[in-house]
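Fair warning: this is a prediction, and the values are worked out from it, not measured in the lab.
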Amino acid sequence: METRRLAILCNHLRPAGPASVQTRLSSSVCVSGSNSELRGQNDCVFCKIIRGESPATKLYEDDTCLCILDTSPLSHGHSLIIPKSHFSSLETTPPCLVAAMCSKVPFIGRAIMKATGSDSFNLLVNNGASAGQVVFHTHIHIIPRKAHDCLWTTESLPRNRLSLDHEVCQLVKSVQEQLSKISLDGKGQESIVS
């Protein structure tokens with residue numbers, strides 16, 4: 001597992017393609033989301049890209065985020081939207097920053113679809129190691145799609161209907177209990193209700 005993660009991480013450091021296409025990002029400080037994450041940001045490949053210390057093929061950049069081509073694409077045009085502030089996972093990322101990233105998706109997604117001749121795209125977040133997250137800096141994948149491209153093998157699997165049995169009712173109750181313990185303040189930030 002560690003070998004696989006290292007290989008994927010190295011692919012993020014060695015973008016493929018001619019050097020003339022490579023774009024050095026403007027120097028920008030990747031600010032830590034918390035003191036506990038300060039150690040991780042020094043070695044974070046995305047923080048290095050944001051600071052201009054590692055190369056990347058940039059598609060878009062603004063004050064809060066940037067979009068680069070994935071160096072191990074699942075499809076032509078597979079891109080990553082990355083916040084300029086370091087947060088290791090989606091749940092540690094402030095909702096206002098997630099909203100800022102997501103607000104760019106229609107604009108960037110439309111441009112990627114037109115440039116690649118795709119008719120749609122998947123929006124994906126691998127949040128946590130078990131979900132396939134390899135670079136522990138929040139990011140959103142935009143994966144261009146074409147009809148019948150067979151990208152996901154699970155697309156051909158039959159889907160089961162949700163059965164409203166005791167197990168599902170317990171799940172609903174448990175999730176609702178967890179949500180009631182968390183409230184959102186006026187700024188969209190989570191806080192634990194005592």
H78 vs H141 aromatic rings, parallel, tilted or perpendicular, using cut-offs 30° and 60°?
tilted
Where is the tightest heavy-atom contact between [X] and [Y], given as atom of each residue plus distance?
{"X": "H137", "Y": "C44", "answer": "ND1-SG, 3.3 Å"}
{"X": "L69", "Y": "S79", "answer": "CD2-OG, 3.6 Å"}
{"X": "P106", "Y": "C102", "answer": "CD-O, 3.6 Å"}
{"X": "P144", "Y": "I112", "answer": "CG-CG2, 3.3 Å"}

State plainly whether one hydrophobic cluster holds both [X] and [Y], where clusters connect Ile, Leu, Val, Met, Phe, Trp and Tyr through side-chain heavy atoms under 4.5 angstrom apart.
{"X": "L124", "Y": "F121", "answer": "no"}
{"X": "M113", "Y": "V105", "answer": "yes"}
{"X": "L66", "Y": "V45", "answer": "yes"}
{"X": "L90", "Y": "M101", "answer": "yes"}
{"X": "V125", "Y": "L123", "answer": "yes"}

Are any side-chain N or O atoms of Q133 and backbone N or O atoms of V135, one a donor and one an acceptor, separated by less than 3.5 Å?
yes
Short side-chain to backbone donor-acceptor contact, S103 and A100, under 3.5 Å
yes
Residue set satisfying side chain to side chain donor-acceptor pair (under 3.5 Å) with T116, at least two apart, ordered chain then number -> S118
Would you check if K104 and C65 make a side-chain contact, meaning some heavy-atom pair closer than 4.5 Å?
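Contact flag for K104/C65 side chains = yes.
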Does any non-hydrogen side-chain atom of Y60 lie less than 4.5 Å from one of I81?
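Contact flag for I81/Y60 side chains = no.
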Hey, are T64 and D62 close enough side-chain-wise for a donor-acceptor pair under 3.5 Å?
yes
Find the distance between [atom1] ([X]) and [atom2] ([Y]) and round it off to the nearest 0.5 Å.
{"X": "T71", "Y": "I49", "atom1": "OG1", "atom2": "CD1", "result": "7.5 Å"}
{"X": "E61", "Y": "C67", "atom1": "CD", "atom2": "SG", "result": "11.0 Å"}
{"X": "I68", "Y": "I82", "atom1": "CD1", "atom2": "CD1", "result": "3.5 Å"}
{"X": "I143", "Y": "S120", "atom1": "CD1", "atom2": "OG", "result": "11.5 Å"}
{"X": "E91", "Y": "N127", "atom1": "CD", "atom2": "CG", "result": "4.5 Å"}
{"X": "T154", "Y": "R159", "atom1": "OG1", "atom2": "CZ", "result": "8.0 Å"}

Hey, mind stepping through T138 and L97 against side-chain contact (heavy atoms from CB on, under 4.5 Å) and telling me if it holds?
CA-CA 10 Å; T138 298; L97 185 53; over 6 Å; no
Atom CD of E177: over 12 foreign heavy atoms under 6.0 Å:
yes
Between V134 and N126, does a side-chain contact (heavy atoms from CB on, under 4.5 Å) hold up when you go through it step by step?
CA-CA 8 Å; V134 177; N126 296 327; over 6 Å; no
